[in-house]
Chemist: 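Quick one: the structure is below, and I'll ask about it shortly.
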2 protein chains.
Amino acid sequence: MKNKMITEERPETVELCEETCDKTVIHAEVVTKVKEKIPSLEVLSEMAELFKILGDRTRTRILYALFESEMCVCDLAYLLGMSQSSISHQLRVLKQAKLVKNRKEGKVVYYSLADSHIIQIFDQVLKHVNEDKI
Amino acid sequence: MKNKMITEERPETVELCEETCDKTVIHAEVVTKVKEKIPSLEVLSEMAELFKILGDRTRTRILYALFESEMCVCDLAYLLGMSQSSISHQLRVLKQAKLVKNRKEGKVVYYSLADSHIIQIFDQVLKHVNEDKI
DNA sequence: TGAACATATGAATTATTGTTCATATATAAA
DNA sequence: TTTATATATGAACAATAATTCATATGTTCA
């Protein structure tokens, strides 16, 4: 990204607004170019929504566990040292986000990953986290 | 609230706990195996922490914008249609997470991605989001 | 049928977080 | 110097969200 800021362009503050915007814009060209390139607000919102789902320790642990094996609620609660209720609540969130699916066998409900593709994201992030350590 | 261990009455229910655990475990082997394979709680917490940073629409938008070009606070505020204050606050969060860096030129502070590698994670998630649409 | 149990869920509680508002700081220009 | 501007930041507020508690649902088995 060889984006050199040309200082000669800086002094003139440019107003870009069409309607009732009162914000100062210093680099109109940059703003215009970036606006064209970035994903839509809707897409970015969905992305953030997915990140938010993954941004909870309990859910992250559940997903990693389910990547290793299908598990029932009870086992998950034991594995993570948490109450059955809290695990159930989080599984509900994960299911609504279509990240896990479940099947019922008698009293027991087994959960598994709905899409193991999510683990690729995890591993990418794991790599990023590990890079920071160096 | 009932946390009884019914080990004697239910042969298939296995007690794994060494100390003060009162949870029922149905599949001890699975739990043991998974426990060995998943990343440590510490690592998983760091991962969740990073996801949490990314799990906000404003921050996601900022990062995508900065991937396209270095930008100053004012331009970002204009681009995203948000107050300078809120952008500054979020840039602070992103900087503390080492996701962006900045440089000062006169009154203007330019922000850019600290590690463009983060975009790989974004694109992976973007793919996931788009898959859901089909 | 009724007791035991795995799971789900609504309500309450507590903690966290994003934005706004007001103001502080720093730099440049007049 | 004074004024204008770009950014940073603390406090307050509103909105979310994670966990616990109590209880409901549905299934198995005696």
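Computation of the quantities below employed the complete heavy-atom set of this structure, encompassing side-chain atoms and omitting hydrogens, waters and symmetry-equivalent molecules. Just so we're on the same page: letters track the sequence lines, and every chain starts at 1.
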Chemist: For nucleotides 24-30 of chain C, just jot down a letter per nucleotide in 5' to 3' order: B, S or -, based on protein non-hydrogen atoms under 4.0 Å.
Modeler: --SBS--

Chemist: Give a yes or no on whether the backbone of A:Leu79 and the side-chain of B:Lys35 come within a donor-acceptor separation of less than 3.5 Å.
Modeler: no

Chemist: A:Ser88 and side chain to side chain donor-acceptor pair (under 3.5 Å): which single residue from A:Arg92, A:Gln90, A:Gln84 fits?
Modeler: A:Gln84

Chemist: Checking all strands, does A:Tyr111 fall into the base, sugar-phosphate, or nothing category for heavy-atom contacts under 4.0 angstrom?
Modeler: sugar-phosphate

Chemist: If I take atom CE in residue A:Met82 and atom P in nucleotide D:dT20, what distance separates them, rounded to the nearest angstrom?
Modeler: 6 Å

Chemist: Can you figure out which of C:dA8, D:dT19, D:dT7 approaches the side chain of A:Gln84 most closely?
Modeler: C:dA8

Chemist: Applying side-chain contact (heavy atoms from CB on, under 4.5 Å), name anything that partners A:Asp115, two or more places apart in sequence or on another chain.
Modeler: A:His117, B:His128, B:Glu131

Chemist: At under 4.0 Å, does any side-chain N or O of A:Thr24 touch on OP1 or OP2 of D:dA6?
Modeler: yes

Chemist: Using whole Å, what does the distance between atom P of nucleotide D:dG26 and atom CZ of A:Arg103 come to?
Modeler: 20 Å

Chemist: I'd like to check the ring pair (Phe, Tyr, Trp, His ring centres under 6.0 Å) partners of B:His89; sequence neighbours left out, ordered by chain and number.
Modeler: none

Chemist: Considering residues at least two apart in sequence or located in another chain, which fulfil the side-chain hydrogen bond (donor to acceptor under 3.5 Å, both in side chains) criterion with A:Ser85?
Modeler: none

Chemist: Quickly work out the A:Asp75 CG to C:dA6 C1' distance and round it to whole Å.
Modeler: 11 Å

Chemist: Which residues pass the side-chain hydrogen bond (donor to acceptor under 3.5 Å, both in side chains) test with B:Ser86, sequence neighbours left out?
Modeler: B:Ser83

Chemist: Which atom pairs, donor and acceptor, lie under 3.5 Å between side-chain atoms of residues 46-58 of chain A and protein residues at least two apart or in another chain?
Modeler:
residue	atom	partner	partner atom	Å
A:Glu46	OE2	B:Lys133	NZ	2.9
A:Asp56	OD2	A:Thr58	N	3.1
A:Asp56	OD2	A:Arg59	N	3.1

Chemist: Identify, with sequence neighbours excluded, every residue that meets side-chain contact (heavy atoms from CB on, under 4.5 Å) alongside A:Lys95.
Modeler: A:Val100, A:Asn102

Chemist: Between the side-chain atoms of B:Ser85 and the base atoms of C:dC21, is any donor-acceptor pair under 3.5 Å?
Modeler: yes

Chemist: Out of D:dT20, C:dA8, D:dA6, which nucleotide sits closest to the side chain of A:Val73?
Modeler: C:dA8

Chemist: Would you please name every residue forming a side-chain contact (heavy atoms from CB on, under 4.5 Å) with A:Tyr110, sequence neighbours left out?
Modeler: A:Glu70, A:Cys72, A:Arg103, A:Glu105, A:Val108, B:His27

Chemist: Tell me which residues in residues 88-95 of chain A lie within less than 4.0 Å of DNA chain D, going by non-hydrogen atoms.
Modeler: A:His89, A:Gln90

Chemist: Establish, from distance only, whether the side-chain atoms of A:Glu36 and A:Thr32 form a donor-acceptor pair under 3.5 Å.
Modeler: no

Chemist: In whole Å, what is the span from the CG atom of A:Asn102 to the P atom of C:dA6?
Modeler: 17 Å

Chemist: Rounded to the nearest Å, what distance is computed from the OH atom of residue B:Tyr110 to the P atom of nucleotide D:dT7?
Modeler: 8 Å

Chemist: Not counting sequence neighbours, which residues clear side-chain contact (heavy atoms from CB on, under 4.5 Å) with A:Lys98? List them please.
Modeler: none

Chemist: In residues 50-67 of chain A, what residues come within less than 4.0 Å of DNA chain D, judged by heavy atoms?
Modeler: A:Lys52, A:Asp56, A:Thr58, A:Arg59

